[in-house]
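Reviewing the structure listed below.
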Amino acid sequence: MKGLDCGTGNYVAASEDGVKIQRNAFLTIDKSPTTIKSLKRLNVPFVEINKRLHVIGKSAYDYAQIFGNKDLKRPMSKGLLNPSERDALPVLREIISSLLGKPSEDGEVCVYCVPSKPIDKETLVDYHEDVLSTMIESIGYKARSIKEAEALGYAGLSDNNNNLTGISISMGAGMANIAIMYQGLVALTFSVSRGGDFIDQHVSLDTGIPLAKAQFIKESNKIDLSDNTIYDEDNEREVHAIRSYYQVLIKYLLDNIANQFEINEAMPHFPEAVPIVIGGGTSMIKGVIEVFKAQFNQKEFPINISEIKLVEEPLTAVARGCFMDAALEDE
């Protein structure tokens, strides 16, 4: 059995053998016999579609940093399939196939995650879910979907103290997904259409740098959101902008979660204080929990929260939660 996190920024597969990670991105380059031989010589993953070459995954991300005039493309946008990229589906199938490999037995289960319907945008997730299921089953797996934040809850709320009770927040690139859980039962899942890309886009607009560079600086490990010291003086403006928009994003998340507790009758009445657990690629920046706590303390939250913590290995937590669910189904 396998677990697959289908994220806008990264695809992550989890199995008994560990985890595999691939950037969910591609870069279109000019086709020539020399180029094809060079890519093969360097073992760079690529796919040829309609007489065009697409470099796939982390290699595409790395090439976009080196060649500033090349646009990094995404098979997905804002948590869903990207309708503006005509080659998105074959690229995505190549990424999924490289991560999962062939099933070891007939009917092997692959649990994959899908986003919840956003509460701040009029869109559905049904087509996205169906296409991913078709791709996974075409490789030979039995595909089953669960909500992204539910999978994160299985990985982050599973210790004896929490007993699968609390709030899980998966901060992805395209959106943030939230699940409210009580003793393993999911009371409510929803999403908001802001994530790491929201930060990158506004940093790019405010500082005049390309999107790829904004993402690179954000993920460079030179920023601590809880420390106002500038360690990267060459990118001082960009670092200030990244800190500002993390605060904006986290405040937006907390405001929407609090509002759901006030207006949604499906919310459970917790007898005791519950934790908030956070994961996803956008949560991996240093100091993110300190910003969460600072924003949380500035408002009256409708329920008692015992702690706010980062899940272990935030980038792989959703995939591991999917794998945990697949193991239960296999049993």
Side-chain angles (χ1 to χ4, degrees), residues 79 115-121 147-172 174-196 198-199 202 224-228 242-312 314 317-318 321:
S116 300
K117 187 179 185 302
I119 59 174
D120 57 351
K121 184 179 180 181
K147 300 300 184 184
E148 180 177 326
E150 179 184 353
L152 179 65
Y154 293 148
L157 295 170
S158 59
D159 59 65
N160 293 331
N161 293 329
N162 295 327
N163 197 26
L164 291 177
T165 297
I167 301 172
S168 63
I169 304 174
S170 178
M171 296 177 65
M175 58 173 60
N177 278 267
I178 298 97
I180 316 298
M181 302 178 68
Y182 181 72
Q183 294 188 358
L185 299 178
V186 180
L188 183 69
T189 65
F190 60 94
S191 69
V192 296
S193 56
R194 291 186 185 181
F198 165 83
I199 296 171
H202 284 276
D224 187 339
L225 298 179
S226 64
D227 184 354
N228 289 325
I242 290 168
R243 286 177 175 152
S244 295
Y245 284 110
Y246 258 98
Q247 293 174 6
V248 171
L249 173 60
I250 290 169
K251 182 180 184 301
Y252 186 75
L253 279 174
L254 290 171
D255 286 346
N256 276 279
I257 295 170
N259 186 54
Q260 287 298 306
F261 272 98
E262 294 170 356
I263 68 171
N264 200 311
E265 295 180 355
M267 287 294 190
H269 298 284
F270 294 109
E272 299 177 353
V274 299
I276 295 177
V277 63
I278 301 158
T282 303
S283 72
M284 295 179 66
I285 192 168
K286 295 176 184 176
V288 70
I289 294 300
E290 285 74 14
V291 176
F292 249 98
K293 291 178 179 178
Q295 292 296 320
F296 179 84
N297 291 332
Q298 292 180 23
K299 66 185 286 90
E300 286 191 21
F301 208 69
I303 65 169
N304 293 324
I305 299 298
S306 59
E307 63 176 334
I308 300 174
K309 65 178 182 178
L310 193 66
V311 69
E312 183 180 352
V318 170

Once rounded to the nearest 0.5 Å, what's the spacing between atom [atom1] of [X] and atom [atom2] of [Y]?
X	Y	atom1	atom2	result
Lys293	Ile250	NZ	CD1	12.5 Å
Gln295	Leu254	CD	CG	7.0 Å
Leu185	Glu150	CG	CD	10.0 Å
Leu253	Phe292	CG	CZ	5.0 Å
Lys147	Phe190	NZ	CZ	13.0 Å
Ile169	Ile178	CD1	CD1	6.0 Å

Under the 3.5 angstrom rule, does the side chain of [X] hit a backbone N or O of [Y] as a donor-acceptor pair?
X	Y	result
Arg243	Asp224	yes
Asn264	Gln260	no
Asn259	Asp255	no
Tyr246	Gly196	no
Asn177	Ser191	no
Ser283	Met171	no

At their closest point, which heavy atom of [X] faces which heavy atom of [Y], and how far apart are they?
X	Y	value
Gly79	Pro115	O-CG, 3.6 Å
Ala149	Ser168	O-OG, 2.7 Å
Phe261	Pro302	CB-CG, 3.5 Å
Thr165	Leu157	O-CD2, 3.7 Å
Ala273	Ser306	CB-N, 3.8 Å
Leu249	Gly195	CD2-O, 3.9 Å

Verify the neighbour count for atom NZ of Lys117: are there more than 12 heavy atoms of other residues, nucleotides or ligands below 6.0 Å? yes

Looking at Glu262, I'd like to know if its CD atom is crowded, meaning that more than 12 non-hydrogen atoms belonging to other residues, nucleotides or ligands lie closer than 6.0 Å. yes

Got [X] and [Y] here, is their nearest side-chain heavy-atom distance under 4.5 Å?
X	Y	answer
Leu188	Met267	yes
Val291	Ser226	no
Ile242	Ile285	yes
Asn304	Phe270	no
Ile180	Val186	no
Phe198	Met175	no

Identified side chain to side chain contact (heavy atoms under 4.5 Å, CB included) partner of Val277 from the options Leu310, Ile308, Ile167, Val311: Val311

Begin from the C-alpha positions of Met181 and Val274 and carry the test side-chain contact (heavy atoms from CB on, under 4.5 Å) through to its verdict. CA-CA 10 Å; Met181 302 178 68; Val274 299; over 6 Å; no

Just checking, any donor-acceptor pair under 3.5 angstrom between side chains of Ser170 and Glu148? yes

